[in-house]
Amino acid sequence: MNDGYLEEKRKAIAETDKEIIILLKKRLDLATEIGQYKAQNGLEVRNLDVEQRVVDRYRYLAAEYGMNPDRMEHICRTIMQESVESEAAIQGVPAPDVHDKDPHKEEIRISETDIETGRRKMLGIGVTSVAAILVLTAIAGFVFNSDNGLSILYLMAVPMALIALCFYLGYKDMASGKNAEDLRWIKKRTFIFGGLMIAITVLILALFMIRG
């Protein structure tokens, strides 16, 4: 093993790291000057338009040099956070979080009681839907076509199971919801797929009744 080769490369990396730190310090000094200007002229610490231009520049250069744009954006925002904290300290205000891409968006948090109530409703809708389809299936099987009653029950077992699974997953996922937006997405997904399965099941049942 050529340890000398590895050691040489590690020293080169160490020198590169030093150059990066020096450049970061130079960048921070420039940001501090900007912060002083902002403080003197009553400007806000954070400028979202400027931040986005910087992020776009990092992402473009990352892609051009064969690097991961998402990872470079994270590094970019971490660097900007250092600058923002410096500027905020000059003005004596709390430093905003640069990693928060939309600081004006309000996150509506909900209580555990509301989440549990939503979960019970979700489970109730699932149980009610399956029970209603089961009753209709029994009527179709034993009234409209009594000879094939068990056959239609077996046929409808799969879609009914899928409906039950869909609403159960919605019930389960709602427990991990942190805010109103999370719950809206879970409900929307559940009702779309659950409603689709219910529609397909009713269509199958209607076709059976017509043929019977």
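FYI, side chains are in, hydrogens and waters are out, and symmetry mates aren't considered; it's all heavy atoms of this structure.
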Exercise. For the side chain of Gln81 and the backbone of Val98, is there at least one donor-acceptor N/O pair under 3.5 Å apart?
Worked result: yes
Exercise. Is there side-chain contact between Met72 and Leu61, with at least one heavy-atom pair below 4.5 Å?
Worked result: no
Exercise. Is there a chain of hydrophobic side chains (I, L, V, M, F, W, Y, each step under 4.5 Å between heavy atoms) that links Met67 to Ile13?
Worked result: no
For this session: Grab the two heavy atoms, one from Gln91 and one from Gly35, that are nearest each other, plus how far apart they are.
Result: NE2-O, 4.4 Å
Problem set entry | Over all atoms of both residues, closest heavy-atom pair of Pro69 and Ala62 | CA-CB, 3.9 Å
Problem set entry | Approximate separation, where rounding is to 0.5 Å, of Cys76 SG and Arg57 CZ | 7.5 Å
Exercise. From Ser86 OG over to Glu33 CD, what is the distance, rounded to the nearest 0.5 angstrom?
Worked result: 10.5 Å
Problem set entry | Exercise: identify the closest heavy-atom pair between Glu82 and Leu28 | O-CD1, 3.8 Å
Exercise. Between Tyr37 and Leu30, is there a shared hydrophobic cluster once you connect ILVMFWY residues whose side-chain heavy atoms come closer than 4.5 Å?
Worked result: no
For this session: Check whether any side-chain N or O of Glu85 sits under 3.5 Å from a backbone N or O of Pro96 as a donor-acceptor pair, and report yes or no.
Result: no
Problem set entry | Asp56 side chain to Gln52 side chain, donor-acceptor N/O pair below 3.5 angstrom | yes
Problem set entry | Same apolar cluster (I L V M F W Y, side chains within < 4.5 Å links), Val158/Val202 | yes
Problem set entry | Arg53 bridged to Asp49 by N-O distance under 4.0 Å | no
Problem set entry | Glu44, CD atom: more than 12 neighbouring heavy atoms under 6.0 Å | no
Problem set entry | N/O donor-acceptor pair under 3.5 Å between Lys38 side chain and Leu43 backbone | no
Seminar exercise, completed: Here the pair of heavy atoms bringing Gly170 nearest to Ile186 is O-CG2, 3.7 Å
Problem set entry | Shortest non-hydrogen contact between Ser129 and Ile125, atoms and distance | OG-O, 2.7 Å
Problem set entry | Minimum heavy-atom distance between Thr32 and Ile90, given as atom pair plus value | O-CD1, 3.5 Å
For this session: Taking the side chain as every heavy atom from C-beta outward, state whether Met174 and Thr190 have any pair of such atoms under 4.5 Å apart.
Result: no
Problem set entry | Common cluster, Ile198/Leu162, ILVMFWY with side-chain heavy-atom separation under 4.5 Å | yes
Exercise. Do Lys172 and Met122 have side-chain heavy atoms sitting under 4.5 Å apart?
Worked result: no
Exercise. Would you call Glu15 and Lys11 a salt bridge, taking side-chain N to carboxylate O under 4.0 Å as the test?
Worked result: no
For this session: Side-chain contact test, heavy atoms from C-beta onward, threshold under 4.5 Å: evaluate it for Ile192 versus Leu196 and give yes or no.
Result: no
Exercise. Around atom CZ of Arg27, are there more than 12 heavy atoms of other residues, nucleotides or ligands at under 6.0 Å?
Worked result: yes
Exercise. Atom CG in Asp29, atom CG in Leu24: separation rounded to 0.5 Å?
Worked result: 11.0 Å
Exercise. Would you say the side chain of Ile79 lies within less than 4.5 Å of the side chain of Tyr58, judging by non-hydrogen atoms?
Worked result: yes
Exercise. Does CZ belonging to Phe191 count more than 12 external heavy atoms closer than 6.0 Å?
Worked result: yes
For this session: Please check if Ile34 and Val84 belong to a single hydrophobic cluster, counting links between Ile, Leu, Val, Met, Phe, Trp and Tyr side chain heavy atoms closer than 4.5 Å.
Result: no
For this session: Answer whether the closest heavy-atom distance between the side chains of Phe167 and Leu123 falls below 4.5 Å.
Result: no
Problem set entry | Short side-chain to backbone donor-acceptor contact, Arg77 and Val55, under 3.5 Å | no
